[in-house]
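Encoded as structure tokens, the structure appears first; notes follow it.
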Amino acid sequence: YNDFDEFKERQPQLAAELLETFGKGEWQDNALYVYDDVEDFADYELTEGWYANSFSNQDYNGAPDPLDFIDLRALGAELVSTWDESCHYQANGGKIVTTDYGW
């Protein structure tokens with residue numbers, strides 16, 4: 001989402017939770033990214049995020065794609081337990097919200 005207003009239109013309950021948790025601030029003027037669960041977040045980190053250079057768009061010349069064998073739930077849970085809380089948040093329902101700006 002481009003900013004909090006767009007986010008609030010599509011995710012009103014999650015928006016209310018963020019406001020309750022972090023209060024109003026400049027973070028609301030910045031992009032917010034939402035992942036449905038830890039598996040979705042881990043998949044993003046592997047293919048487009050932190051680990052993308054290692055796993056994204058690789059040609060394994062007929063060998064199995066290692067992404068097919070990674071336990072995304074376990075990786076996602078570990079990412080949650082080690083992330084920077086100033087720009088990552090796991091909501092009560094399990095969704096994950098991130099911002100490049102910080103809360």
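Trp103 places no side-chain N or O within 3.5 Å of a backbone atom of Thr99 that could act as its donor or acceptor partner.
In the hydrophobic clustering of this structure, Leu79 groups with Ile70; members are Ile, Leu, Val, Met, Phe, Trp, Tyr whose side-chain heavy atoms approach within less than 4.5 Å, directly or through other members. Connection of Trp83 to Leu46 is established within a shared hydrophobic cluster, with ILVMFWY side chains joined at heavy-atom distances below 4.5 Å, either directly or through further cluster members. When hydrophobic clusters are built by joining Ile, Leu, Val, Met, Phe, Trp and Tyr residues whose side-chain heavy atoms come closer than 4.5 Å, directly or via intermediates, Phe22 is not grouped with Val80. Both Leu14 and Trp27 are part of a single hydrophobic cluster, where members link through side-chain heavy atoms under 4.5 Å apart.
Applying the ring pair (Phe, Tyr, Trp, His ring centres under 6.0 Å) test to Tyr35 and every residue at least two apart in sequence or in another chain returns Phe41, Tyr44. Residues meeting the ring pair (Phe, Tyr, Trp, His ring centres under 6.0 Å) test with Tyr33, sequence neighbours left out: none. With sequence neighbours excluded, the residues that form a side-chain hydrogen bond (donor to acceptor under 3.5 Å, both in side chains) with Lys95 are Gln11. Scored by the salt bridge (Lys or Arg N to Asp or Glu O under 4.0 Å) test, Glu45 finds no partners at all (sequence neighbours excluded). Residues forming a side-chain hydrogen bond (donor to acceptor under 3.5 Å, both in side chains) with Asn2 (at least two apart in sequence, or on another chain): Glu6. With sequence neighbours left out, the side-chain hydrogen bond (donor to acceptor under 3.5 Å, both in side chains) criterion links Gln90 to no other residue. Not counting sequence neighbours, the partners of Asp84 by the side chain to side chain contact (heavy atoms under 4.5 Å, CB included) test are Ser86, Cys87, His88. For Glu85, there are no side-chain hydrogen bond (donor to acceptor under 3.5 Å, both in side chains) partners two or more places apart in sequence or in a different chain. Applying the side chain to side chain contact (heavy atoms under 4.5 Å, CB included) criterion to Asp5, with sequence neighbours excluded, gives Asp3.
Between Thr21 atom OG1 and Tyr89 atom OH the span is 3.5 Å, to the nearest 0.5 Å. Going from atom CD of Gln13 over to atom CG of Asn92 covers 11.0 Å, rounded to the nearest 0.5 Å. The distance from atom CG of Leu67 to atom OH of Tyr51, rounded to the nearest 0.5 Å, is 12.5 Å.
Minimum heavy-atom separation, Phe7 to Ala15: CE2-CA, 3.4 Å. The two atoms that bring Leu19 and Gln28 nearest to each other are CD2-NE2, 3.4 Å, heavy atoms only. Leu72 and Ala42 get closest at one heavy-atom pair: O-CB, 3.5 Å.
In this structure, the side chains of Asp40 and Ile96 stay at 4.5 Å or more apart for every pair of heavy atoms. When side chains are defined from C-beta on, Leu75 does not count as touching Asp71, because their heavy atoms never get closer than 4.5 Å.
Listed by first and then second residue, the salt bridge (charged side-chain N to carboxylate O under 4.0 Å, His left out) pairs involving residues 17-34 amount to none (not counting sequence neighbours). Applying the side chain to side chain donor-acceptor pair (under 3.5 Å) test to pairs two or more places apart or on separate chains, none has a residue in residues 61-70.
Grouped by direct or indirect side-chain proximity (heavy atoms under 4.5 Å, Ile/Leu/Val/Met/Phe/Trp/Tyr only), Phe69 sits alone.
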